[in-house]
Amino acid sequence: MFVKHGMNSGFSSLASSAVLRRQQFLIRSLKGYSVSDKIRMEAVKCLSGGASLEANAESVLRAITPSLDPTRHKGQAGKIAVVGGCREYTGAPYFAAISALKIGADLSHVFCTEGAATVIKSYSPELIVHPILEESYNISGVNDEGKRDISKKILSEFDKWMERFDCLVVGPGLGRDPFLLECVSKIMTRARQSNVPIVVDGDGLFLVTNSIELVSGYRLAVLTPNVIEYKRLVQKVLGCDVNDQNTHGELLSLSKQIGGVTILRKGKSDLISDGEKVQSVSIYGSPRRCGGQGDILSGSVAVFLSWARQCNLAAERESTISRTNPTVLGCIAGSALLRKAAALAFEHKKRSTLTTDIIEHLGQSLEAISPVS
Ligand SMILES: NC(=O)C1=CN([C@@H]2O[C@H](COP(=O)(O)OP(=O)(O)OC[C@H]3O[C@@H](n4cnc5c(N)ncnc54)[C@H](OP(=O)(O)O)[C@@H]3O)[C@@H](O)[C@H]2O)[C@@H](O)CC1
Ligand SMILES: Nc1ncnc2c1ncn2[C@@H]1O[C@H](COP(=O)(O)OP(=O)(O)OP(=O)(O)O)[C@@H](O)[C@H]1O
Ligand SMILES: [Mg+2]
């Protein structure tokens, strides 16, 4: 049971007719009307996908956010798992997991190392924390066979839970320990075999960039690179440097080259593509660039993606709403909500705005767009 508003409107009609008019003008320009070279160049850029295609993010948010129906049971609004948290980082997995709950997921798990688990549990009693991951420094005296046993144990611990999850977030605060990353590769492979969507962020992107086959061709994978992570992906997958003159074309190629995974390129505007088209979210956010905002985003995308998938499953039965790629919808919604919450937090806290302040505004921001009643 979902409240759906304008599910078919990928972009606002106003914005799309403006884009259309601009495209028509530019096409006429190309046919030899007297225009400057600058406009011609813009025309080419536009026709090759360089034009802005701002998503109607608020409509998407309203369309996929489920109503609070008293007949629904615990878990139906989403069960999210974050794989991350190691010796260095405990904040990032916490931000991702708590954001999922604050948006409206019912249950949020964290799979991390033992040391990180105690800390994350102390941040919040709401999170279900599994201290199952191991880093090399902790098992330095163990031989290869012993390490294989540890790896198997980690996978079987994870397996007990995996099929229950609507989405995994792999990477916030995961670290880059080789043994830990090898275990996480196996977790990702297992999730993929079970068709569980995976949002890959932070150190998960480090892993995936070096082992692209983990996500290649998996339509339920979402990559959320920041500037540096995107640069590494482009260099590895496309074999060249980032080209700021062909932002949209490059993102399309990157997604296609990885077999149609959805990529959310974070930046001044967030750009989203599943290899079919590029959409952007440019809602005004915050000028504060404190660490952790990307972690909020990954947890948010996981929830919205799960909700969008439920909408799509319902649509398959009812054939009433469009079958837009749920991973793209999840990215649009996640990006828009984070930006709105960041703007609100900044209004109150100005220069002292922190990630925890933004998290506190997630609920209010969603309520303003999609009220509970
Ligand atoms: N509280 C916590 O626990 C948090 C933990 N986190 C976790 O940390 C892990 C590593 O993630 P990451 O993003 O720090 O690593 P990476 O991609 O190597 O970037 C490192 C360097 O790249 C640069 N740089 C970054 N952006 C740039 C830009 N726009 N434009 C230009 N340069 C830019 C910048 O370099 P600098 O300016 O210092 O030279 C930056 O220091 C990961 O697991 C993540 O989840 C975070 O989520 C934060 C909160
Ligand atoms: N220059 C910018 N102007 C406005 N918003 C931005 C800008 N850069 C990033 N953002 C917003 O902040 C969010 C997080 O992006 P950011 O690049 O900080 O991710 P990150 O580096 O992975 O963060 P984290 O510190 O959590 O790892 C993006 O979704 C985007 O909406
Ligand atoms: Mg990050």
Side-chain angles (χ1 to χ4, degrees), residues 54-55 57 82-99 110-113 115-116 119-120 122-124 133 135 169-177 180-181 184 199-210 222-236 241-242 244 247 262-272 279-302 304 330-346 353-359 361-362 365:
E54 184 70 9
V82 177
V83 182
C86 62
R87 189 156 60 156
E88 287 95 351
Y89 308 119
T90 54
Y94 165 77
F95 293 146
I98 201 75
S99 297
V110 178
F111 291 82
C112 57
T113 62
V119 181
I120 295 169
S122 76
Y123 295 153
S124 166
L133 300 181
E135 288 176 274
V169 181
V170 174
L174 190 61
R176 295 180 184 176
D177 179 81
L180 184 144
L181 290 185
V184 172
V199 177
V200 187
D201 185 40
D203 297 316
L205 287 166
F206 174 80
L207 170 64
V208 158
T209 302
N210 293 314
V222 176
L223 314 183
T224 57
N226 65 14
V227 174
I228 302 291
E229 291 153 351
Y230 184 75
K231 187 175 160 198
R232 289 192 205 117
L233 255 183
V234 168
Q235 284 171 341
K236 187 76 185 203
D241 280 325
V242 173
D244 288 328
T247 325
T262 297
I263 301 173
L264 192 172
R265 180 186 178 179
K266 296 178 284 195
K268 200 166 172 219
S269 289
D270 289 338
L271 296 179
I272 298 148
Q279 301 195 52
S280 63
V281 177
S282 317
I283 294 168
Y284 185 72
S286 153
R288 276 281 284 142
R289 300 266 60 82
C290 55
Q293 295 183 62
D295 305 319
I296 300 182
L297 182 72
S298 62
S300 310
V301 169
F304 288 121
C331 288
I332 293 171
S335 167
L337 189 71
L338 164 68
R339 283 166 170 264
K340 287 215 164 268
L344 265 184
F346 185 77
T353 306
L354 297 180
T355 297
T356 41
D357 300 314
I358 300 173
I359 290 170
H361 286 89
L362 287 170
S365 305

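In listed order, ligands and their atoms are each counted from 1.
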Any non-hydrogen protein atom below 4.0 Å of [atom]?
atom                    : answer
atom 8 (O) of ligand 1  : yes
atom 40 (C) of ligand 1 : no
atom 22 (O) of ligand 1 : yes
atom 43 (O) of ligand 1 : yes
atom 12 (P) of ligand 1 : no
atom 17 (O) of ligand 1 : yes
atom 32 (N) of ligand 1 : yes

What is the closest protein heavy atom to [atom], and at what distance does it sit?
atom                    : result
atom 24 (P) of ligand 2 : G292 N, 3.5 Å
atom 14 (C) of ligand 2 : G294 N, 3.6 Å
atom 13 (C) of ligand 2 : L338 CD2, 3.5 Å
atom 29 (O) of ligand 2 : D270 OD2, 2.9 Å
atom 17 (O) of ligand 2 : N226 CB, 3.6 Å
atom 4 (C) of ligand 2  : R289 NH1, 3.6 Å
atom 27 (O) of ligand 2 : D295 OD1, 4.3 Å

* **Under 3.5 Å: N/O of G173 near N/O of ligand 1** => yes
Quick one: which ligand 2 atoms are inside 4.0 Å of a heavy atom on [X]?
X    : result
G291 : 25 (O)
Q293 : 14 (C), 26 (O)
L297 : 29 (O)

* Determine, using heavy atoms of G267 and all atoms of ligand 2, whether some pair is separated by less than 4.0 Å. => yes
* To do: Can you spot which of I272, I263, L223, L297 makes a side chain to side chain contact (heavy atoms under 4.5 Å, CB included) with C331?
  =>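 Passing option: I272.
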* Option nearest atom 20 (P) of ligand 2 (shortest heavy-atom distance, choices K266, R339, E229) -> K266
* Asked: Counting heavy atoms only, which of T90, D203, L205, I228 comes nearest to atom 26 (N) of ligand 1?
  ->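 Looking at heavy atoms only, the winner is I228.
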* **Proximal atoms of ligand 1 relative to N226 (non-hydrogen, under 4.0 Å)** => 13 (O), 17 (O)
